[in-house]
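Just so you know, these numbers use all the heavy atoms, side chains as well, and skip hydrogens, waters and symmetry mates. Indexing begins at 1, ligand by ligand and atom by atom, following the structure's order. Position 1 is the first residue of the sequence; numbering continues from there.
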Amino acid sequence: MEKNRIQVLPDEIVNRIAAGEVVERPASVVKELLENSIDAGAQNLSIRLYEAGLSRIAVEDDGCGMSRADAVLALKRHATSKIASHEDLDAIATLGFRGEALPSIASVSRVTVVTRERTAQSGTKLRVEAGVVTGCSDAGAPAGTLVEVEDIFFNTPARRKFMKSAPTELRNIIETVSNLALIHPKISFSVESEGRPLMILPPGQSLSERAEELSGVRPGGLYFAKARHGQRKLTFGFAAPHESRGHRRGIRLFVNRRAVNDRILFKALTEGYRGLLEQGRWPVALLWLDLPSDEVDVNVHPAKREVRFRDEGGLFRWVAGSVAGALSSAPWVRSGASAVEVPDSVEESPFCYEKSAPGSGRAAEALEDYARRALKPGGARSPFYSGGGYGRGGAGRAEPGKLDFSVNSIAEGAEEKSPGETCAMNSPFGELRYLGAFDATFLLFESGDRKLVIVDQHAAHERILYERISAARTGGKGQPLLVPLVVECSAAEIAGFAEREELLEAIGIRAELFGGQSLSLVEVPAGVTGAEGVGMLRDVIGGESFDSGESGGGGRADKLLARAACAGAVKAKMALDRTEVASLMRDLGETKNPSHCPHGRPLVIKMGRAQLYSLFHRK
Ligand SMILES: Nc1ncnc2c1ncn2[C@@H]1O[C@H](COP(=O)(O)OP(=O)(O)OP(=O)(O)O)[C@@H](O)[C@H]1O
Ligand SMILES: [Mg+2]
């Protein structure tokens, strides 16, 4: 008989395909496991991570647990306790409903499930490797379920390669936990990384307490408004516009108790903020929407991050109007008021404001900071245990009244600029927009993080030349000029040349006597132009002796280098055009130490908006 061309795929393959959609990264595993625990009625959730979840994720709950038969079934595709019929699918009340998550996870990792129903005598331990059950036994266990996922993607190396750095994965996990925690404020969450506590959210919190804890605004800085329109309900948590951020992570959207990435809602929210935030700034804003189940479909995305609305236009107008209404009559608008009632600008229903209780932890910012450092040896301790120091005004921020001389990481490679941004340039301090020069000496820029950046052009050029000359020196070579340059000299300079010829060669400058009163410059340090070389030559042969008064710090040649660099560099009071400024900043980006000139003076000052504003006594 002829073999069929079309075959139904075996379960293992189907599960792996599904895993590609459901299980993108460790954070997706954490999300699925936590959702299962929440659906199982758990009140206390513990998450333990090793290597940001890449080597091990353990989620333990005190939920209803499973019988042995159910546990075995749970790992089968489309086995779910959550829906049984068509009608159920239209009104889903649980976070999970497809019976896909566990089998998908189990197909790309090694899973151990230990579970016990509250009334059962003993529990069950189940081991599954790449989707195949490898062990099933009785086990003593507390009521509830522990799911351990080890070596995620061990059998799909291509996917494993797509994992980001551990701090990024950890941050994604924290985001995931935070999103669930913001829908279930009564449930306690604890996250441990490498055995150290990373996040502890106590049980029984109110929504406002939880939201404040996780949004990173100052204590009491989060406000709440509620609106209602027919069966639609909205809760809006927001900080004042001046607490805006340069990124969108302060915005969180929830629909029917699910965190969603929704373009319409995002637009509606930002529309509500129109005129309140400058471009490139994003609010701290949380939006919880409750919609009747016939108005929204949550079953459109494998990870359920997307939803579809029946009446997008109407919803957009209602949300944007509610947000705008809440903001225009927010407590900070009428100073001092902490609780006001204002009419809904769209519908007749009133908002009611609540202010979050002050004093809870500044978790969000601290966590970000932690995620960056947590995996380093001797890294951060839990912000919840260290009692502050990570939050606002903590690490990484300039103290008030002090200028911030910090230098960002050196820009990686020049990026293409769009034609509209001719004055944007790359620099070691990030991408800068050139504003102009002050006193033909100080170059003024605006940085991407909205700081005023002031660069001393002479000092910057000195740094560039200094490093080029040092490199040439260690390379031991100058670079011959195609056409030697003739330099007219005084008798004193000629004498100076005779005295310092060797020193000059040590830094890559070679000149020859040319007639009685001139020198011919034949070699300059690599990367230095002829004109710059002339400046250096003159400085070295004409300057006073380097030997005089030299004491400590930096050898003779280094001093000479610094002086030569200084001599070759553009001077203060020398107007540069935009292109020159751009190449100066680009070259500065190639230096090892773009923050100080070779004499140790700072060459850049960054001033935050707050500092500048406070100089004008503005908030
Ligand atoms: N922590 C848990 N406690 C109790 N039962 C659980 C737990 N985790 C899973 N289960 C059971 O296993 C079943 C399968 O879980 P799985 O996550 O694969 O599917 P689901 O949650 O039903 O749907 P989805 O694929 O949308 O998440 C669940 O329906 C539930 O009955
Ligand atoms: Mg599930």
**Message:** Heavy atoms only, cut-off 4.0 Å: how does Asp61 contact ligand 1, side chain, backbone, both, or neither?
**Reply:** side chain

**Prompt:** Would you find a donor on one side and an acceptor on the other, under 3.5 Å apart, between the side chain of Glu194 and the backbone of Glu51?
**Reply:** yes

**Asked** Just heavy atoms, cut-off under 4.0 Å: does Glu100 contact ligand 1 by side chain, backbone, both, or neither?
**Response** both

**Message:** Against Glu148, only a single residue in Arg127, Arg48, Arg110, Arg56 fulfils side-chain hydrogen bond (donor to acceptor under 3.5 Å, both in side chains); can you say which?
**Reply:** Arg56

**Prompt:** Which atoms of ligand 1 are found less than 4.0 Å from any heavy atom of Pro103?
**Reply:** 18 (O)

**Complete:** In this structure, atom 14 (C) of ligand 1 is nearest to the protein heavy atom Ala79 O, 3.4 Å

**Asked** For atom 22 (O) of ligand 1, which protein heavy atom lies nearest, and how many Å away is it?
**Response** Thr80 OG1, 2.6 Å

**Request:** Check whether any N, O or S atom of Thr80, backbone or side chain, sits closer than 2.8 Å to the Mg ion (ligand 2).
**Result:** no

**Prompt:** Arg210 side chain to Leu214 main-chain N or O, any donor-acceptor pair under 3.5 Å?
**Reply:** no

**Message:** Give me the residue, atom name and distance of the protein heavy atom closest to atom 18 (O) of ligand 1.
**Reply:** Leu102 N, 2.8 Å

**Request:** Considering heavy atoms of the protein only, find what lies nearest to atom 4 (C) of ligand 1 and give residue, atom and distance to 0.1 Å.
**Result:** Ala40 CB, 3.5 Å

**Request:** Around atom 12 (O) of ligand 1, find the nearest protein heavy atom and jot down its residue, atom name and distance.
**Result:** Ala74 CB, 3.2 Å

**Message:** Please confirm whether Gly99 approaches ligand 1 to less than 4.0 Å, judged on its heavy atoms.
**Reply:** yes

**Asked** Is it true that atom NZ of Lys267 has more than 12 heavy atoms of other residues, nucleotides or ligands lying nearer than 6.0 Å?
**Response** no

**Prompt:** For Thr94, does its backbone N or O pair with a side-chain atom of Asp39 as donor and acceptor, under 3.5 Å?
**Reply:** no

**Identified side-chain contact (heavy atoms from CB on, under 4.5 Å) counterpart of Phe236 within the set Val319, Leu286, Leu269** = Leu269

**Asked** In this structure, are over 12 heavy atoms from other groups packed under 6.0 Å from Arg308 atom CZ?
**Response** no

**Shortest protein contact, atom 15 (O) of ligand 1 (heavy atom only)** = Asn36 ND2, 3.8 Å

**Asked** For ligand 1, which atoms have a heavy atom of Glu32 less than 4.0 angstrom away?
**Response** 27 (O)

**Request:** Return yes or no for this condition: an N or O of Ser81 is under 3.5 Å from an N or O of ligand 1.
**Result:** yes

**Message:** Could you check whether any side-chain N or O of Asp151 sits under 3.5 Å from a backbone N or O of Phe154, counting only pairs where one atom can act as donor and the other as acceptor?
**Reply:** no

**Request:** Before signing off on this row, confirm whether Leu95 and ligand 1 have an N or O atom pair separated by under 3.5 Å.
**Result:** no

**Asked** Got a donor-acceptor contact below 3.5 angstrom from the Glu150 side chain to the Ser109 backbone?
**Response** no

**Prompt:** Can any side-chain N or O of Thr115 pair as donor or acceptor with the backbone N or O of Met66 at less than 3.5 Å?
**Reply:** yes

**Message:** Give me the nearest non-hydrogen protein atom to atom 21 (O) of ligand 1 as residue plus atom name, then the distance to 0.1 Å.
**Reply:** Lys82 NZ, 2.6 Å

**Request:** Distance to 0.1 Å, residue and atom name: give those for the protein heavy atom nearest to atom 5 (N) of ligand 1.
**Result:** Met66 CG, 3.4 Å

